4 protein chains.
Amino acid sequence: MTDLFQSTKPIYSQLADRINRQILRGELKPGDKLPSVREMALQVNVNPNTVQRTYRELEGMEIVESRRGQGTFVTENEEILNAMRERLKKDEISQFVEGMHAMGYKNEEIEEGLRNFLNDGKGDQA
Amino acid sequence: MTDLFQSTKPIYSQLADRINRQILRGELKPGDKLPSVREMALQVNVNPNTVQRTYRELEGMEIVESRRGQGTFVTENEEILNAMRERLKKDEISQFVEGMHAMGYKNEEIEEGLRNFLNDGKGDQA
Amino acid sequence: MTDLFQSTKPIYSQLADRINRQILRGELKPGDKLPSVREMALQVNVNPNTVQRTYRELEGMEIVESRRGQGTFVTENEEILNAMRERLKKDEISQFVEGMHAMGYKNEEIEEGLRNFLNDGKGDQA
Amino acid sequence: MTDLFQSTKPIYSQLADRINRQILRGELKPGDKLPSVREMALQVNVNPNTVQRTYRELEGMEIVESRRGQGTFVTENEEILNAMRERLKKDEISQFVEGMHAMGYKNEEIEEGLRNFLNDGKGDQA
DNA sequence: GTGGTCTAGACCACA
DNA sequence: GTGGTCTAGACCACG
């Protein structure tokens, strides 16, 4: 059994990220029902309490909406989804830049490198 | 004991990356002696053969020079180190862009996002 | 049981030479499948790891191409094979000349001796 | 214990070649005394009878001269040594050319390759 | 001591 | 089946 989760970051938080990404990729669409807490717990092999906490977290961010007796659903509020999308983008970029700095690359190198990469057609989109 | 290595990529290869990064960051300078095969094996908790293979790999890339009976040393050929630096930069960028695409971000978004991030002073260098 | 391998040179390297020669002689043609790692290990009576290393070495030289789950194949890139042919020729000549020097023969003697040998029809080709 | 002898050729004959080479290289000079049969047998780790046969062979070629009660000596007849030198040269060349043919090299390639090698200064004599 | 080679045997990933 | 990785442990060559 392969574990889905890395080291430092709390699992519930990693799971939240994972769900956010699924929404971004369109694997989960606005209005879609998430797996039940128990179902999800089995799928990703964690404790149901952890899934519960993830859902609560997502609900706090208004990305997800729990309806008692029915389940948990992706919000249909596109604004919030867009905000999440923007936030996640910044997170990713931040993490990337931080990593590059740690390896000794300067800002200009990074920006220029990215520009070159995209223009060389190596970064053609799927 | 925390393991230093991730899942899919071969350990010898991850270790090579690790050493490359140490060179980039200046933690290892041209001419420096690497830990002996056995020493490194203890440090990173893998079999000496695996370290041996890493060193061999790095020697193939001319990043490192092994002298029997003496040790393994970072090359003093700065050109090769620069080439390695450039290659690694492209690798990182490629991986980053790929990840962003997988999450549904478009090239322009990525480029603009990076520019904003760097200009907002959030990406100030260490 | 006679061993196929000489003394000082590593076995994996001798085996690589052997395969190169088979390619040169046309016993192995571009696109041909080599014996599997295990098969070859039995044939030449060495450990599969040693054969693996040989194949890996040859792959590094781009003389051979390994496809996981399928086998290892002689490259169809004739340029590389020609380069290998030239390299090996120089190696053989170098070794021959070195040996002759060690026995006290001078360059002119060697060159003249070869010319005589070939012209006397003693060196008629197969 | 590494064996000094290769496969097909008879040992007494290989030992004769070995001694011839020592004479060519000047390790054994005209008039020098060879080790006694028993001494040589110990040195090269073969049966004294085999050494005996080698010495007889060399004596037949007049390269060596046995004096009862004194030992075996390198001939002082330079003509014979020169003849031997020439014969051995041809042997070596013959063997070399044969090997090259076996690997698919043509006569012109061999001759040209040798010329290039010697002219490139790679074959500078010791 | 150092790096380098080799074996035995296990397990993984791909197909 | 295929190639590829890893470990454990031995032994060699160089200095």
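Every chain is numbered from 1, with letters handed out A, B, ... down the list of sequences. Nothing here was measured: the structure is a model prediction, and the numbers come from that model.
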Value in whole Å for how far the C1' atom of F/dT5 lies from CZ of C/Arg56: 10 Å
Presence of B/Thr50 side-chain N/O under 4.0 Å of F/dC6 phosphate oxygens OP1/OP2: no
Side-chain heavy-atom pair C/Asp32, C/Phe73 within 4.5 angstrom cut-off: no
Measure all distances between protein nitrogen or oxygen atoms and nitrogen or oxygen atoms of nucleotides 10-12 of chain F, and list the pairs falling under 3.5 Å.
none

Gap between atoms CG and C1', on B/Asn47 and E/dT7 respectively (whole Å): 13 Å
For atom OH of C/Tyr55 and atom P of F/dT2, their distance in whole Å: 10 Å
Whole-Å distance separating the CZ atom of B/Arg53 from the C1' atom of E/dC6: 15 Å
5' precedence on DNA chain E between C/Gln70 and B/Gln70 (nearest-nucleotide basis): B/Gln70
E/dG4 OP1/OP2 closer than 4.0 Å to side-chain N/O of B/Gln52: yes
Contact under 4.0 Å: B/Tyr12 side-chain N or O vs F/dC6 OP1/OP2: no
Positive for side-chain contact (heavy atoms from CB on, under 4.5 Å) with B/Val51, one of B/Gln43, B/Met40, B/Glu39: B/Met40
Reported CZ-to-CZ distance for the pair B/Arg85 and B/Arg21, which is rounded to 0.5 angstrom: 13.0 Å
Euclidean distance, atom CZ of residue B/Phe73 to atom C1' of F/dG15 [Å, nearest integer]: 12 Å
Distance test, side-chain N/O of B/Ser66 to OP1/OP2 of E/dG3, below 4.0 Å: no
Heavy-atom closest pair, residues C/Val74 and C/Lys29: CB-O, 3.5 Å
Minimum heavy-atom distance between B/Arg53 and B/Tyr12, given as atom pair plus value: NH2-OH, 3.4 Å
B/Glu57 CD to F/dC6 P, straight-line distance once rounded to whole Å: 11 Å
Interatomic distance, C/Ile11 CD1 vs F/dA13 P [rounded to whole Å]: 13 Å
B/Glu109 and B/Lys106 ion-paired at < 4.0 Å: no
Euclidean distance, atom CG of residue B/Asn45 to atom C1' of F/dC6 [Å, nearest integer]: 13 Å
Sugar-phosphate, base or nothing in reach of B/Glu59, heavy atoms under 4.0 Å: sugar-phosphate
Heavy-atom check, side chain of C/Leu24 versus side chain of C/Asn20, under 4.5 Å: no
Under 4.0 angstrom between C/Arg67 side-chain N/O and E/dA15 OP1 or OP2: no
Who pairs with F/dC14 - Watson-Crick or G-U, where each distance is under 3.5 Å: E/dG1
